[in-house]
Structures are given as structure tokens and as C-alpha cells.
Amino acid sequence: MTLNACLPVVTVASSFILGLIIFALPEHRHRLRTTLNLIGAGLKLGLVFWMLNGVTQGQEYHARYSLIGELALVFRVDLLALYFATLSTLLWLLTTIYAVGYLENGPNRSRFFGFFSLCTSATVGVALAGNVFTFIIFFELLTLSTYPLIAHRGTEEARRAAKIYLRYSLAGGACLLFGSVWLYTLTGSLAFKPQGFVSTLPPSDHVALTIIFVLMITGVGVKAALFPLHGWLPKAMVAPAPVSSLLHAVAVVKAGAFGVIRIVYEVYGIEFADALSVTTPLAYLAAFTIIYGSVRALFQNDLKKRLAYSTISQISYIILGVALVGPIATIGGLVHLIHQGLMKITLFFCAGNFAETLGIHDIDELDGVGKRMPWTATAFTVAALALIGIPPLAGFLSKWYLSLGALELGQPWVLGILIASSLLNAGYFLPIIHRMWFKSRTGEWQQHRIWGRHETGLLLLGPTVAAATSVVLVGVFASSSYSPFAWAIEIVAQEFMKR
């Protein structure tokens, strides 16, 4: 086997192997566990950048392992795969550093970081999957590895939330599997392919293909938190802040949105999906989810739950961009895959800092926190303004290109959805910013955890500030040839617009 064939497999397996080692470590071996975690995160990021450099120079990375008949594990590295893999591995490094600080002296750290490592392997496996079968394997491994992370605290509420997540995810997985098996009986293939592989089927199969599309989108839509498949996500906020960051910014909901992109563009093909009349209902569903999530966020006093409903809304921007069937809208959706991850991980890191330092969980407890924790409050403010869509921050570019794409396609109703969503975003974020900076605290702060002379632990503050800085940089330097925006344009040009 050539080096180019080995690299995707090694990239997926690296953190899996380290995760198995971490499971076996005694709790007191925290330095070794931290070292292995950081080595795993850094190694995986380095391998992804190695392949990214190779792909830009015309290298091909492809591996196939035959199992039964035509079924095979296939890994294929393309620009879209690396787009998602780079986001996941980069944010995983930040989340790993944050988790080490967050869980210091906590119980069951070997178990937590073991599953944490398995989760990153599953996410990168989803990114690099070259066919639907491989995608399903890692998509379900992602379910099984995140379930114990949600239940990590061991409380009745945490166990209940994890069970709800598992029920939703397994039901979605069953829909995805059934639809994929049915699709295979019709096509004899499950390989992802630019412009899809189902368009050659005769018109007599179009009803079946429509039903299969619904099944497969339902399967990935659970993790993407599409309405009405979103119920697990707010309940999962009982998990520790690193897990919340993982669910919202790094792995789970992004894997669902990535699955929608693969199905629409590389199973059905965007033109055939449009001709089959399945993209318009998907766009309407995404638009409804955008407004629904934002409205529900308005009425949440628990900070993490407000952020959870915000995620339900924001992830559907990606799906809306895909479903509008136009290159400009697609660019807006794709760039939001990265931008939303950066903005949301910043917000959840901040929520974790407030909780671990001052014991703050509810919004009405944030009065004056900007003076007590200025760096964390600044990071929260930057990410919140970006999600609202204030230029030149990250969120503005996503909404701008979604709007341009909608107008190009003669769909002005989308502009109304985006404006309404931005106003709702302002409605649930600006009061928080006002409380933090312009209201005064009555009484002394109750220190939840002592961190020394800094406002919070440096392992918590460093990733938070780094993530907030990236929110500014990807917006200000969007015209750079190395920006997520430029990358999204290249994906649309090289992957989706092929004839």
C-alpha cells in the first residue's frame, strides 16, 4: 500500500489508538493522559494539513478495503472532505486544551478523554468517507462515542439526556441505513461522486428516489437538529462545557450538516435533486428551523440552553444555502460551516468559564460580569455580535452571500428569513451583552473555583481568546487566498460545478 493510500487511514486511526491507551490509564496519570491527548490532537491536525498541501499540488489520497461483495470501507480525500476535517481537527485541539483545564481534578478523566479521542476519530472518518457505507459506519461510531460524554456527570438528568440523544440518533441512523440499502438495490453503487450517481435511473424510479431522499435527510437531520428532529440538543446541555462545544461546533451537528451536503451534491447531484423537487421543501424546512430556533432562544434563561437553540437556528443556514440550488448561496452555506463553528465554540467556552469560575449558569446572573471577567466577556461579545451578522466579523459574510444567492435565484423570501433571524439573534444576544457590561452586580461574587490571580484558568482562557480572535480574523481577512471563504469558493468551483 502506498503512502498516499495509508495517510487517510492513519489520520482516522491515530486518535482511535491513543483513545484505547487513554482508557487504560489510571486516574492519577494525568500528565501522561494530557500529553497523549495533545499529541493525538496535534498529530491529527498535522496529518490533515499534510494531505491538504498534497491535494493543492494534485496528489490523490484514496484507500479501499473490500468487506463483503461490493461493500467496502472507502476513504477519499477531496477539498470538501478536508474542509470539514480541518475545522474538526483545529477546533479539537482547542477543545482538548480547554477540556484538560476544565476537568482538572474531576472524576473519570480517563474514561472521558478515551471517548473524546474516539469521537474525533469518528468525526474525521465522516469527513474522509468515500462512500455512503463508510459514512454510516463512522456516523454511528460518532453516536456511540458521544453518548457517554453527554452522560459523563452521572446525574439522573445527564443519564436521561444521553438516553434521549441515543434514541434520536439511533432512529435517525435506522432511517439512513434503510434509505442507503434501498438506494444500493436501485443503483448498485454507494460511492460519493461529484454531480451524484442516481440521475441515470429511469423515471419509474423517481418516486422511490424521493422517498429515499427523505429517509437519508431524516437520518442526518437528527444530528443537524432540523425541526422536528432537534429535541435532543437542548437537553444535552447538561453535559460539561467541552462536550457542549463538541456537540455544537466541532463534531455532531456539523457531521449532520456535512451529511446533508454529501447527500444533496454527491449522491443525488444538485441538478437532479432540484429536478426531483426535493430541494425546495428542504429549503422551506431549513428556513422554518432558522426562525423556530431563534424564537425559542429568546425565552431561555439558562445560558447554555439559549446557545443550544441558537445552534438549532444557525446550523440550518448551512442547509438553506445547499438547498437553494445556486453557487453563491452554496458558498454562503459552506463558509457558515466554518464560521458558525468558530463563533459557537467561543460562546460555549465562555459559558463554561462563567460556570466554572463564578458558578453562573443563568443569564440573569451575568450582571456586571464584564468587570470581573473582562477577557471572557469580550470574547462572548465578539462571538455574539458575529452571530448577529455585524461586519466585518465572521457571521456577516455567511449571511451576505446567502442573501446574494437568494436574490440571484429570484427567492426574495429568503432575504426576509435572514433579516428576521438577525433581528431575533440581536434580541437574544444584546440583552446578555448589556447585562455583562452595563449593569452592576449587587453583592460580592461567589467564587466557584479558585484559579489564582487570573480571571479564570489559563487553560480555559487561552482557547477562548484564540477562538474569539479567529472570529475576527476570518471576517477581516476573508479575501485572503487561505481563508475559509476562498476555500468555499474553490470547493464550489472544483467539486459542485463539474459537468
Side-chain angles (χ1 to χ4, degrees), residues 94-95 97-99 101-104 106 153 234 237-245 248-249 294 297-311 314 342-388 390 393-395 424-472:
L94 288 180
T95 307
I97 296 169
Y98 186 90
Y102 190 94
L103 295 169
E104 187 179 7
R153 294 193 189 279
M237 292 305 93
V238 299
V243 179
S244 299
S245 303
H248 291 257
S294 295
L298 283 171
F299 298 98
Q300 307 303 316
N301 187 47
D302 182 283
L303 179 57
K304 287 176 68 176
K305 283 192 175 181
R306 181 169 292 195
L307 296 179
Y309 279 106
S310 172
T311 295
Q314 292 288 323
L342 297 174
M343 294 181 287
K344 192 60 69 168
I345 201 170
T346 304
L347 292 170
F348 273 104
F349 282 172
C350 291
N353 291 358
F354 293 142
E356 285 302 293
T357 305
L358 301 175
I360 291 175
H361 299 279
D362 293 337
I363 292 166
D364 57 15
E365 298 172 333
L366 288 168
D367 292 358
V369 78
K371 295 178 181 178
R372 170 61 180 80
M373 300 180 66
W375 287 98
T376 300
T378 299
F380 188 99
T381 301
V382 167
L385 293 177
L387 272 173
I388 292 169
I390 303 300
L393 302 174
L424 289 167
N425 297 159
Y428 61 74
F429 275 130
L430 292 183
I432 298 176
I433 295 172
H434 180 261
R435 280 183 176 276
M436 290 192 303
W437 295 108
F438 300 105
K439 283 197 170 185
S440 299
R441 168 90 176 167
T442 55
E444 296 294 324
W445 292 106
Q446 299 298 314
Q447 192 82 1
H448 176 71
R449 191 168 168 184
I450 305 299
W451 294 105
R453 60 191 180 90
H454 303 287
E455 69 174 57
T456 191
L458 290 180
L459 290 178
L460 274 61
L461 189 59
T464 304
V465 173
T469 302
S470 71
V471 171
V472 178

Sorted by chain and residue number, the side chain to side chain donor-acceptor pair (under 3.5 Å) partners of Asp362 (sequence neighbours excluded) come out as none
Exercise. Compare all side-chain heavy atoms of Val238 with those of Lys304 and state whether any distance is below 4.5 angstrom.
Key: no
Does the side-chain contact (heavy atoms from CB on, under 4.5 Å) test come out yes or no for Leu387 and Lys344, once each step is laid out? CA-CA 8 Å; Leu387 272 173; Lys344 192 60 69 168; 4.0 Å; yes
Heavy-atom nearest pair, Thr357 first then Met373, reads OG1-CE, 3.8 Å
ring-ring contact (aromatic ring centres under 6.0 Å, His included) filter on Phe438, not counting sequence neighbours, yields His434
Applying ring-ring contact (aromatic ring centres under 6.0 Å, His included) to His361 and not counting sequence neighbours gives none
Could you go through Val369 and Leu358, starting from their C-alpha distance and side-chain angles, then the distance that decides it, and tell me whether this counts as side-chain contact (heavy atoms from CB on, under 4.5 Å)? CA-CA 9 Å; Val369 78; Leu358 301 175; 3.8 Å; yes
Q: For residues Leu366 and Trp437, determine if any side-chain heavy atom of one lies less than 4.5 Å from a side-chain heavy atom of the other.
A: no
- Would a 4.5 Å heavy-atom cut-off, applied to side chains only, mark Thr376 and Leu460 as touching? no
Between the CZ atom in Phe348 and the CG atom in Asn353, the distance rounded to the nearest 0.5 Å is 13.0 Å
Trp375 meets the side chain to side chain donor-acceptor pair (under 3.5 Å) criterion, sequence neighbours left out, with none
Tightest non-hydrogen contact, residues Met343 and Gly395, listed as SD-N, 3.6 Å
Here the pair of heavy atoms bringing Leu347 nearest to Ala384 is CD2-N, 4.0 Å
Sorted by chain and residue number, the side chain to side chain donor-acceptor pair (under 3.5 Å) partners of Tyr428 (sequence neighbours excluded) come out as Ser310, Asn425
* Would you find a donor on one side and an acceptor on the other, under 3.5 Å apart, between the side chain of Lys305 and the backbone of Gln300? -> no
Heavy-atom distance under 4.5 Å between the side chains of Ile388 and Leu393, does that happen here?
no
Rounded to the nearest 0.5 angstrom, the CD1-OG1 distance for Ile433 and Thr381 is 5.0 Å
What is the ring orientation for Phe380 with Phe429, classed by angle as parallel under 30°, tilted 30 to 60°, or perpendicular over 60°? perpendicular
Distance-only donor-acceptor hits, side chain of residues 465-472, under 3.5 Å, sequence neighbours excluded:
{"unit_1": "Thr469", "atom_1": "OG1", "unit_2": "Val465", "atom_2": "O", "d": "2.7"}
{"unit_1": "Ser470", "atom_1": "OG", "unit_2": "Ala467", "atom_2": "O", "d": "2.5"}

d(Asp364 CG, Ile432 CD1) to nearest 0.5 Å is 11.0 Å
d(Leu94 CG, Thr464 OG1) to nearest 0.5 Å is 9.0 Å
Interatomic distance, CD@Glu365 vs CG@Asn301, rounded to 0.5 Å, equals 7.5 Å
For Leu458 and Pro463, the nearest pair of non-hydrogen atoms, with its separation, is O-CD, 4.1 Å
Tyr102 side chain near Thr95 side chain, heavy-atom distance below 4.5 Å: no
Donor-acceptor under 3.5 Å (Arg306 side chain, Ala297 main chain):
yes
Those residues at least two apart in sequence (or on a different chain) that pass side chain to side chain contact (heavy atoms under 4.5 Å, CB included) with Leu424 are Ile291, Ser294, Val295, Leu298
Sorted by chain and number, sequence neighbours left out, side chain to side chain donor-acceptor pair (under 3.5 Å) with Thr378 holds for none
Scanning both residues in full, the closest heavy-atom pair of Gly370 with Ala377 reads CA-CB, 3.6 Å
For Lys371, the side chain to side chain contact (heavy atoms under 4.5 Å, CB included) test, sequence neighbours excluded, returns none
Under the side-chain contact (heavy atoms from CB on, under 4.5 Å) criterion, do Met237 and Tyr309 qualify, and how do the steps go?
CA-CA 11 Å; Met237 292 305 93; Tyr309 279 106; over 6 Å; no
